[in-house]
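Residue numbers start from 1 in every chain, and the chains themselves are labelled A, B, ... in the order their sequence lines are given, proteins ahead of strands.
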2 protein chains.
Amino acid sequence: MPKSLRSPQQQQLQSLLIELRKAKGLTQTEVATRLRRPQSFVAKYEGGERRLDVVEFIEVAQALEADACLVLGELIQRSPVTTD
Amino acid sequence: MPKSLRSPQQQQLQSLLIELRKAKGLTQTEVATRLRRPQSFVAKYEGGERRLDVVEFIEVAQALEADACLVLGELIQRSPVTTD
DNA sequence: CACCATTATCCTATAATGGGATAATCCGCA
DNA sequence: TGCGGATTATCCCATTATAGGATAATGGTG
């Protein structure tokens, strides 16, 4: 796992996206299909092998039938990002 | 510029972050200092040489004294992301 | 155990990134 | 106009991350 993926925030994000997917009863393959990407893409961002940039995040939220803003808010709430 | 940075959404994001920074009267160097990164980091994400992942985006929003959720919402509003 | 669905990992060519140094640009001012 | 400082963009290239098909591992059911 790339070192940049070990931050608590990144891990929270991963957990959040996994929760969301399961809550919708979707498999990685289904999400991947919606995103027009291979299943390994989903496996990787969920597993912390890959980061999601902002635009990708929006797309993933869409595939998960979720509101990106709300997901982001939830993430921030769960683990406030401190630059200090 | 990496090819993944040419999407309209990415460019909208860049513009948005530049606007926000200028609206606050901040220089790249000041933002960079807040982020504890070199000025080139800011120059790159503003110029499209580098993408911001979700966690970085939250940090940048903070450095810009902006609400990440609102910024994300604005981005989505300006250029709806369609996975289709 | 056998089977099928689901998820994780391998592999490696290719692409992206870090960040100090340096170059370009911009701009007010005399 | 031309200097000087401030601001932003670009270079360089070693290091790190990513793509994505193939395959392995894991899970759950009967």
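Residues A:Ala32 and A:Pro38 come closest through the heavy atom pair CB-O, 3.6 Å. When all heavy atoms are compared, the tightest approach of B:Gln12 to B:Ser79 is CG-OG, 3.5 Å. Nearest heavy-atom pair, A:Ala66 versus A:Val71, reported as atom, atom and distance to 0.1 Å: CB-CG2, 3.9 Å. Annotation for B:Val31 and B:Ala63: closest pair CG1-CB, 4.1 Å, computed over non-hydrogen atoms. What you find for B:Gln9 and B:Leu75 is that their closest heavy atoms are O-CD1, 3.7 Å. For the pair A:Phe57 and B:Val54, the tightest heavy-atom approach, listed with the atom from each and the gap, is CB-CG2, 3.5 Å.
Inter-residue side-chain proximity for A:Leu52 and A:Val60 is flagged as met; some heavy-atom pair is nearer than 4.5 Å. Taking the side chain as every heavy atom from C-beta outward, B:Tyr45 and B:Ile18 never approach each other to under 4.5 Å.
Protein atom CD of A:Glu56 is 12 Å distant from nucleotide atom C1' of D:dA19, rounded to whole Å. If you measure from atom OH of A:Tyr45 to atom P of D:dG20, you get 15 Å, rounded to the nearest angstrom. Remark: P of D:dG20 and CZ of A:Arg36 are 14 Å apart, rounded to the nearest angstrom.
Listed by first and then second residue, the side-chain hydrogen bond (donor to acceptor under 3.5 Å, both in side chains) pairs involving residues 67-78 of chain A are A:Glu19-A:Arg78, A:Glu74-A:Arg78 (not counting sequence neighbours).
Distances shown here put a side-chain N or O of A:Arg37 below 4.0 Å from the OP1 or OP2 atom of D:dA19. Between A:Arg50 and D:dA19 there is a side-chain N or O to OP1 or OP2 distance below 4.0 Å.
Once rounded to the nearest 0.5 Å, the distance linking CD of A:Glu30 with CG of A:Leu35 reads 12.0 Å. Distance check: A:Arg50 CZ to B:Asp53 CG gives 10.0 Å after rounding to the nearest 0.5 Å.
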Strictly under 4.0 angstrom, non-hydrogen atoms only: write out the protein contact profile of nucleotides 25-30 of chain D, one letter per nucleotide from the 5' end, B, S or -.
------
Any chance you could list the contact pattern along nucleotides 24-29 of chain C? Use B for base contacts, S for sugar-phosphate-only contacts and - for none, protein heavy atoms under 4.0 Å, 5' to 3'.
------
B/S/- along nucleotides 5-13 of chain D (protein heavy atoms under 4.0 Å) is --SBBBB--
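Overall, the helix from C:dC1-D:dG30 to C:dA30-D:dT1 carries an axis bend of 40° between its ends, with five pairs at each end and the value rounded to 10°.
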Between A:Ile76 and B:Ile58, does a side chain to side chain contact (heavy atoms under 4.5 Å, CB included) hold up when you go through it step by step?
CA-CA 8 Å; A:Ile76 292 173; B:Ile58 294 173; 3.8 Å; yes
Derivation of the salt bridge (Lys or Arg N to Asp or Glu O under 4.0 Å) call for B:Glu65 and B:Arg21:
CA-CA 9 Å; B:Glu65 301 164 14; B:Arg21 176 174 61 77; over 6 Å; no
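Near DNA chain C, meaning a heavy atom under 4.0 Å from it, residues 10-20 of chain B has no residue at all.
Under the 3.5 Å distance criterion, with hydrogens and angles disregarded, a donor-acceptor pair is assigned to the side chains of B:Gln39 and B:Gln28.
Here B:Glu56 pairs with A:Arg51 in a salt bridge; the nearest charged N to carboxylate O distance falls below 4.0 Å.
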